[in-house]
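Take a look at the structure set out below.
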Amino acid sequence: MNNSDHNHKFSLTSPLYYVNGIPHIGSAYTTIVADTVARFHRLQGKSVLFITGTDEHGQKIQRTAIEENLDPQIFCDRIVDSYKSLWSKLDIKYDRFSRTTAPGHQQIVNEFFERVWSKEDIYLDRQQGWYCVSCEEFKEERELIENHHCSIHINKQAEWRDEENYFFRLSKYQQHLEELYESQPDFIQPASRRNEILNFVAQGLKDFSISRVNLDWGFPVPVDDKHTIYVWFDALLGYVTALLEPDQEPTLDNALSQWWPINLHLIGKDILRFHAVYWPAMLASAGLPMPKKVFGHGFLTKDGLKMGKTLGNTIDPFDLVDRYGADAVRYYFVKEIELGKDGDFNETRFINVLNNDLADVLGNSLNRTLGMLKKYCQSTIPQLTSADYSSDHPLKSIGMDLGDRVVQAYENLQVSQACEAVLILVRAVNKYIDESAPWKLFKQEQQAEVEQILYAVLESVRLSAYLLSPVIPTTSSKIYQQLGFDWDFNHQEEVQADKDFQIHSEWGKLSTNKTLGKASPVFSKLELSPED
RNA sequence: GUCAGAGUAGCUCAGUUGGUUAGAGCAUCGGACUCAUAAGCCGAGGGUCGGGAGUUCAAGUCUCCCCUCUGACACCA
């Protein structure tokens, strides 16, 4: 792959979500941000592969399925349907939905296992310790409370277990990992998370077990079918399996030929270690190139409190999108929450932000201007260009390098700042209209001035809609359509066919002489609605 | 306990290498206008920048101490 080719490709993943229940708001948050990033890269004309999916094996799944009197695969299929349905509601445009139960995955896992096995990085050893069946894990003695009860499942006593497991030689890769973090300083982001991992690794790495006995729902260890491969060697490799074309032979070489290495793993901070330590070590063992970046975002709180079943204050993502729509939910999560930090969801704030930013500021600035265009210009966009405005024009001066700033923000995954940068232009639009008062100029028959004002405003709104389209594709599409473009940002293949990021991301590059249709609100104001 | 990060207007946050009356958005209140989704525009109130001490001509910004919160400290997808 040559360099220019590489710059035109971008692969990214959300986690492959564990299917022990229907999707929760945290999964929706991650996936929305990942989708926004994917859309922005597509907008720039790059080839993008956005992978999401599900991790479906393990004892918890098996047990839950049995409780519901279902075959595990049937159970997983149902949960997967609910994920796909939520992604559809939220306008998530993934390229691959990777399931660890998908055909071909086992071959990939086996082949990968064999590679690591042949490096002698997998060995059989005895695992002794206190095992909490509910947690499905061994506990350190100090983690347990009185009488060896689990601190999470306080009414359950941990069992002493002495069983054989296969282990991955993580300890061997400590130096390798430290060199990786050194040579790829932004491999782990944000910086605070990177420090945590650096600390963790510096303390020394222990090998971890990669198999379980007494587990049916999963793949047998290739060299020993009494053992079942446990989560890491199964789930993480789902990212690799996803890279296969639908009709390709499931081999590692095939999977890795097109899209590897992954440019970005976007994940929650809870699973950072597995992606930032285990995963690169596994890949190193198998002799594969490292992913470019792992970004661990923060968690959501509701009204300042942790969400949880015990508090009963979880947010149902289906309910949220049903009540307020995809663009609203997407915008709030991308713009109002700093990626990497914990963020709060407050419904009143949600309503306020959406109504202000999208309805009052963005939507209304278009609406009021189209009204004037109709009265003053017979709905025809004046034929002007950027050259007709001086560089200190209140809107041109902001719009000129806005595209560059937004690109820069996206490159750094500063999605909130990307929105904020656009908002500066949109807010300036309303101020500009009021200060220049085209309705007065029209009465004074200063037609040229009126036209110059209206063009500047429409061009600013157009640019804003374009740059925000990865976040609010439906609203941006409505704006573009009212401005006379036959575009739908939810069908990016059409948009990309035009290949004009260079043109559309700049202010005043667009020469228009179109007659526009009827204006109607592009974003209806939200009202606080009761849940359920 | 050890390590890391954070504590700035009611809320969410900006505040570069220390330098004029500490900023933005939202929320609240007042005003003028009318092209518009009663939106927008103008203006106002509101902060001892967690507390204390120190360095300096000058500190939200540097140093030390203390308080509070969050996270990591191994198998939580």
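Protein chains get the first letters and strands the later ones, always in sequence-line order, with residue 1 at the start of each. Every heavy atom of this structure was used, including side-chain atoms; hydrogens, water molecules and symmetry mates were not.
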From NZ of A/K478 over to P of B/U37, roughly how many Å is that when rounded to an integer? 15 Å
Convert the base pairs of RNA chain B into dot-bracket notation, remembering that pairs crossing earlier ones are written with [ ] and that bases paired across to another strand are shown as |; include only Watson-Crick or G-U pairs under 3.5 Å. (((((((..((((.....[...)))).((((.........)))).....(((((..]....))))))))))))....
Only counting residues at least two apart or in another chain, list the ones meeting side-chain hydrogen bond (donor to acceptor under 3.5 Å, both in side chains) with A/T369. none
For nucleotides 2-7 of chain B, tabulate all protein N/O to nucleotide N/O atom pairs closer than 3.5 Å, reporting atom names and distance.
| residue | atom | partner | partner atom | Å |
| --- | --- | --- | --- | --- |
| B/C3 | O2' | A/N199 | ND2 | 3.0 |

Row check, A/F442 ring normal vs A/K375 NZ/CZ: under 6.0 Å, within 45°: no
Whole Å only: how far is the OH atom of A/Y432 from the P atom of B/A39? 25 Å
Please name all residues satisfying ring-ring contact (aromatic ring centres under 6.0 Å, His included) with A/F299, sequence neighbours left out, ordered by chain then number. none
Out of B/A74, B/U37, B/G71, which has the shortest distance to the side chain of A/L205? B/A74
For the residue pair A/Y173 and A/D121, confirm or rule out a side-chain donor-acceptor distance under 3.5 Å. yes
Between the protein and nucleotides 32-36 of chain B, list every N/O to N/O distance that falls short of 3.5 Å.
| residue | atom | partner | partner atom | Å |
| --- | --- | --- | --- | --- |
| B/C35 | O3' | A/K375 | NZ | 3.4 |
| B/C35 | O2' | A/R368 | O | 3.0 |
| B/C35 | O2 | A/R368 | NE | 2.9 |
| B/C35 | N3 | A/R368 | NE | 3.3 |
| B/C35 | N3 | A/R368 | NH2 | 2.5 |
| B/C35 | N4 | A/R368 | NH2 | 3.1 |
| B/A36 | O3' | A/N367 | OD1 | 3.1 |
| B/A36 | O2' | A/N364 | OD1 | 2.5 |
| B/A36 | O2' | A/N367 | OD1 | 3.2 |
| B/A36 | N1 | A/R368 | NH2 | 3.3 |
| B/A36 | N3 | A/N364 | ND2 | 3.0 |
| B/A36 | N3 | A/R368 | NE | 3.3 |

Quick one: list whatever passes side-chain hydrogen bond (donor to acceptor under 3.5 Å, both in side chains) with A/R99, sequence neighbours left out. A/E56, A/D77
If the condition is ring-ring contact (aromatic ring centres under 6.0 Å, His included), which residues does A/F233 pass it with, not counting sequence neighbours? A/F112, A/F168
Partner residues of A/S211 under the side-chain hydrogen bond (donor to acceptor under 3.5 Å, both in side chains) criterion, sequence neighbours left out: A/H227
Check the interface with nucleotides 9-13 of chain B: list each N/O to N/O pair with the protein under 3.5 Å, or write none.
| residue | atom | partner | partner atom | Å |
| --- | --- | --- | --- | --- |
| B/U12 | O4' | A/R349 | NH2 | 3.2 |
| B/U12 | O2' | A/R349 | NH2 | 3.3 |

Once side-chain hydrogen bond (donor to acceptor under 3.5 Å, both in side chains) is applied, do any residues pair with A/E459, and if so which ones, sequence neighbours excluded? A/R462
Pairs under 3.5 angstrom, nitrogen or oxygen only, protein versus nucleotides 42-44 of chain B, please.
| residue | atom | partner | partner atom | Å |
| --- | --- | --- | --- | --- |
| B/C42 | OP1 | A/K431 | NZ | 2.2 |

Could you work out, with salt bridge (Lys or Arg N to Asp or Glu O under 4.0 Å) as the rule, every residue matching A/D162, not counting sequence neighbours? A/R126
Picking from B/U37, B/G71, B/C75, the nucleotide nearest the side-chain atoms of A/F208 would be B/C75
